Number of protein chains: 2
Amino acid sequence: MVTIKQVAEEAGVSKSTVSRYISQNGYVSQEAQEKIEAAITKLNFVPNLSARSLKTKHSQIVGLLLPDISNPFFPMLAKGVEKFLKEHGYRVLLGNIGEDNQFEEDYLKVLMQTNAAGVITTNDFREAFPEIKLPTVIVDRVGQKSDFGVFSDNLSGGKIAAHVIVEAGAKKVAVISGPVTAESINNRFKASIAYLKKTKTHYETFYSQSYDFDEILKEAKQVLKHNDFDSIIAPSDIHAMAYIRELHHLGKRIPEDVQIIGYDDILMSQYMYPALSTIHQDAYEMGYEAAKLIYKLSLGQEIKSRQLQLPVRYVERETIRKRESNE
Amino acid sequence: MVTIKQVAEEAGVSKSTVSRYISQNGYVSQEAQEKIEAAITKLNFVPNLSARSLKTKHSQIVGLLLPDISNPFFPMLAKGVEKFLKEHGYRVLLGNIGEDNQFEEDYLKVLMQTNAAGVITTNDFREAFPEIKLPTVIVDRVGQKSDFGVFSDNLSGGKIAAHVIVEAGAKKVAVISGPVTAESINNRFKASIAYLKKTKTHYETFYSQSYDFDEILKEAKQVLKHNDFDSIIAPSDIHAMAYIRELHHLGKRIPEDVQIIGYDDILMSQYMYPALSTIHQDAYEMGYEAAKLIYKLSLGQEIKSRQLQLPVRYVERETIRKRESNE
DNA sequence: ATGAAAGCGCTAACAG
DNA sequence: CTGTTAGCGCTTTCAT
């Protein structure tokens with residue numbers, strides 16, 4: 001391993017000068033720069049990050065703690081995080097903490113131990129682990145009391161979903177609530193209900209316990225067994241897909257017999273058949289913005305607004321009836 | 001930050017003894033153990049990993065370099081890697097290097113700088129960056145000359161795909177090759193072709209340039225424009241989905257008019273309509289095994305076989321005709 | 001079984 | 001603008 005010391009000798013300067021050069025901090029003459037540069041390339045020197053971190057007490061690592069990387073929403077988010085952070089010289093340590101946060105503590109510990117620059121997570125751990133004092137931003141599943149957070153306009157999302165479905169002539173709708181993991185998510189559900197009530201549309205509510213496909217499919221079978229809903233508001237595209245699958249099995253036509261609206265707009269939803277009408281939220285953007293926030297936080301920069309709410313929009317595809325085209 | 005020194009004072013022993021205790025290395029009396037334990041919990045001590053790594057010259061970080069985390073195959077693989085590594089006290093640094101390996105160098109550098117325990121990657125970088133000397137295992141896209149690798153039995157996979165489709169009465173098949181990223185992947189294609197030739201089945205070949213949905217969809221439109229294939233062998237489930245989408249648009253019935261077989265068996269494929277018949281490869285297992293390998297490598301343990309080939313199997317669903325049910 | 005001491009590679013005053 | 005110095009928190013001989 002080649003160290004700063006060898007570079008210094010090769011370049012005929014002192015360690016300090018080399019250090020100043022590589023960390024772009026402090027003065028170093030043109031002449032010295034060139035000699036150092038030459039030495040570095042000649043020796044193929046790469047600074048040791050452990051040593052630096054030991055000294056400076058902070059690293060360029062940001063933890064990204066996600067409940068389930070196989071839910072397509074999160075890889076998109078991760079990409080956004082990675083994009084921004086990478087451009088700013090930070091690295092992402094990805095951790096799957098599981099939907100029940102089983103592994104959260106492990107990861108938090110490691111992040112502490114490595115002087116991580118911060119952590120981006122879906123779960124606000126501050127109550128459970130007050131001793132962990134890392135710059136933190138919560139994404140997606142943000143609560144009132146969350147400090148820094150980035151999330152979608154779930155209230156609008158839920159309302160739009162209900163609106164769309166009512167406009168398309170819904171008479172009997174099933175509203176599915178996702179696992180209630182955070183206030184921000186629950187808002188969708190509440191907003192849909194509110195709209196349905198206001199428009200005096202008949203509805204029933206159901207509570208999903210999972211984001212796992214197979215679990216959801218079981219729930220869907222149950223929900224669809226004895227009822228003849230003409231419309232479904234799903235809490236995620238994953239949920240919508242499971243319901244569609246079951247609807248197909250039941251021989252229902254979509255959207256003629258029953259229409260359905262998803263939430264998220266994961267990549268896959270446009271490739272299904274029929275293509276899923278859904279509420280788009282920008283996971284990539286969410287990640288990107290969260291990364292921006294954590295970056296500023298880690299640098300101790302001033303933050304204007306602690307919570308960032310991203311807009312959502314309806315994406316019309318094929319699972320919602322055209323107005324008046326049916327019924 | 002509480003250090004080993006404070007723990008030592010609190011426990012009334014020396015730093016060395018504490019060090020021996022926390023790194024489970026060397027003798028420490030029952031009595032000392034208890035005092036140290038008490039001190040640690042009292043002070044809420046967590047060892048500083050940078051300091052340790054600086055001294056020992058290795059960390060518990062394993063890099064996982066993937067071409068595209070939004071391709072569902074890779075999150076599954078990542079989960080497998082994470083599972084094993086976490087159980088053994090290692091951490092995963094995930095990097096999206098892009099299909100063209102644009103960011104590979106960055107990540108490799110960082111891994112070097114942090115004394116990473118090793119790297120699991122889809123791309124064999126040893127020729128491009130011979131100076132990077134990290135324990136490495138290649139996954140999925142393994143080549144002849146790759147040192148340590150874990151991959152599927154692509155030869156069998158390709159052959160089975162062709163076999164299934166021929167048995168179901170294929171008369172005119174389109175064989176799509178994925179982007180040729182590695183020998184191991186290309187083998188699928190060659191095996192399918194070989195089988196088709198042997199059975200004197202009429203076929204045409206096409207070459208996909210991408211794993212990006214939209215790109216593939218464009219290709220699919222092109223391929224399906226002027227031809228009337230009755231069967232398609234797709235190089236991945238993603239590809240299959242795009243083709244199915246286009247087939248729907250063209251008003252073709254699946255599998256009556258055209259049957260199609262995928263590759264990978266990503267989670268989504270069972271939730272599409274019709275559910276995709278495909279060749280299953282176990283991404284999770286692949287990751288898990290790769291992790292096992294890297295773990296052993298990082299510990300300098302002896303490895304019996306440098307290349308591990310995982311079995312594949314046909315998963316019958318709804319996009320392949322039943323024998324004799326049609327034609 | 002334990003402690004003293006040296007040092008990993010780097011940074012940050014400080015003096016010049 | 002540059003060099004000297006001290007030391008970050010931990011591990012590891014080597015004595016004892």
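In this text, all values refer to a predicted model and were calculated from it rather than measured experimentally. Hydrogens, waters and symmetry mates play no part in the numbers below; they use all other heavy atoms, side chains included. Chain identifiers are assigned alphabetically (A, B, ...) following the order of the sequence lines, protein sequences preceding nucleic acid strands; residue numbering begins at 1 within each chain.
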Asks: A:Ser16 side chain: which of C:dG3, D:dG3, D:dG9 is closest?
Replies: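 Closest nucleotide to the A:Ser16 side chain: D:dG3.
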Asks: Looking at DNA chain D, which of residues 24-44 of chain A put a heavy atom within less than 4.0 Å of it?
Replies: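 Within residues 24-44 of chain A, the residues near DNA chain D are A:Tyr27, A:Val28, A:Ser29, A:Ala32.
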Asks: Give the intermediate values and the outcome of side-chain contact (heavy atoms from CB on, under 4.5 Å) for residues B:Val139 and B:Thr121.
Replies: CA-CA 6 Å; B:Val139 280; B:Thr121 173; over 6 Å; no
Asks: Specify the separation, in whole Å, of atom CG of A:Leu54 and atom P of C:dG7.
Replies: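 Answer to the nearest Å: 17 Å.
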Asks: I'd like to know if B:Lys83 and B:Glu87 make a salt bridge, using a cut-off of under 4.0 Å between side-chain N and carboxylate O.
Replies: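 The answer is yes: the pair qualifies as a salt bridge.
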Asks: Can you tell which of C:dG9, D:dT11, C:dG3 lies closest to the side chain of A:Thr3?
Replies: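 That would be C:dG9.
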Asks: Taking CD1 from B:Ile22 and C1' from D:dT12, how many angstroms apart are they, rounded to a whole number?
Replies: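 Between C1' of D:dT12 and CD1 of B:Ile22: 13 Å.
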Asks: Ignoring hydrogens and angles, state whether a donor on the side chain of A:Ser16 or A:Ser19 is under 3.5 Å from an acceptor on the partner side chain.
Replies: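 Judged by distance alone, the side chains do not pair up.
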Asks: Does a donor on one side chain and an acceptor on the other come within less than 3.5 Å for B:Tyr21 and B:Glu37?
Replies: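 Yes.
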Asks: Counting only side-chain nitrogens and oxygens, does A:Thr17 get under 4.0 Å of the OP1 or OP2 atom of D:dG3?
Replies: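 For D:dG3, OP1 or OP2 has a side-chain N or O of A:Thr17 closer than 4.0 Å.
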Asks: Hey, are A:Lys79 and B:Asp68 close enough for a salt bridge, meaning a charged N less than 4.0 Å from a carboxylate O?
Replies: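 Answer for the salt bridge query: yes.
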Asks: Report the distance from atom CD1 of B:Ile4 to atom P of C:dA5, rounded to the nearest whole Å.
Replies: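 About 17 Å, once rounded to whole Å.
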Asks: Tell me: NZ of A:Lys55 to P of D:dC8, nearest whole Å?
Replies: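 Distance, rounded to whole Å: 7 Å.
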Asks: Roughly how many Å is it from CG in B:Asn48 to C1' in D:dC8, rounded to a whole number?
Replies: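 Taking CG of B:Asn48 and C1' of D:dC8, I get 8 Å after rounding.
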Asks: Please report, rounded to the nearest Å, how far the P atom of C:dC10 is from the NE2 atom of A:His58.
Replies: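 Between P of C:dC10 and NE2 of A:His58: 16 Å.
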Asks: Consider side chain to side chain contact (heavy atoms under 4.5 Å, CB included). Of B:Val119, B:Leu94, B:Ile294, which one does B:Leu64 pass it with?
Replies: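 Single side chain to side chain contact (heavy atoms under 4.5 Å, CB included) partner of B:Leu64 among B:Val119, B:Leu94, B:Ile294: B:Leu94.
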Asks: Under 4.0 Å, heavy atoms only, any strand: does A:Val13 hit a base, just the sugar-phosphate, or nothing?
Replies: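 Sugar-phosphate: the residue A:Val13, judged by heavy atoms under 4.0 Å, touches backbone atoms but no base.
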Asks: Determine: side-chain N/O of A:Lys57 to OP1/OP2 of C:dT11, distance under 4.0 Å, yes or no.
Replies: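 No.
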Asks: Please tell me which of the listed nucleotides, D:dT2, D:dT11, C:dT2, lies nearest to the side chain of A:Arg20?
Replies: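 Within the option list, the nearest is D:dT2.
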Asks: Report the distance from atom CE of B:Met1 to atom P of D:dG9, rounded to the nearest whole Å.
Replies: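 It works out to 7 Å between those atoms.
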Asks: Heavy atoms under 4.0 Å, any strand shown: does B:Lys15 hit a base, just sugar-phosphate, or nothing?
Replies: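 Since a base atom lies under 4.0 Å of B:Lys15, the category is base.
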Asks: Should B:Glu99 and B:Arg141 count as an ion pair when the cut-off is N to O under 4.0 Å?
Replies: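 Yes, B:Glu99 and B:Arg141 are salt-bridged.
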Asks: What's the OH-P distance between A:Tyr21 and C:dA12, to the nearest Å?
Replies: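 Result: 18 Å.
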Asks: Applying a 4.0 Å non-hydrogen cut-off, can you work out what A:Ser19 is touching in the nucleic acid: base, sugar-phosphate, or nothing?
Replies: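 Contact class for A:Ser19: base.
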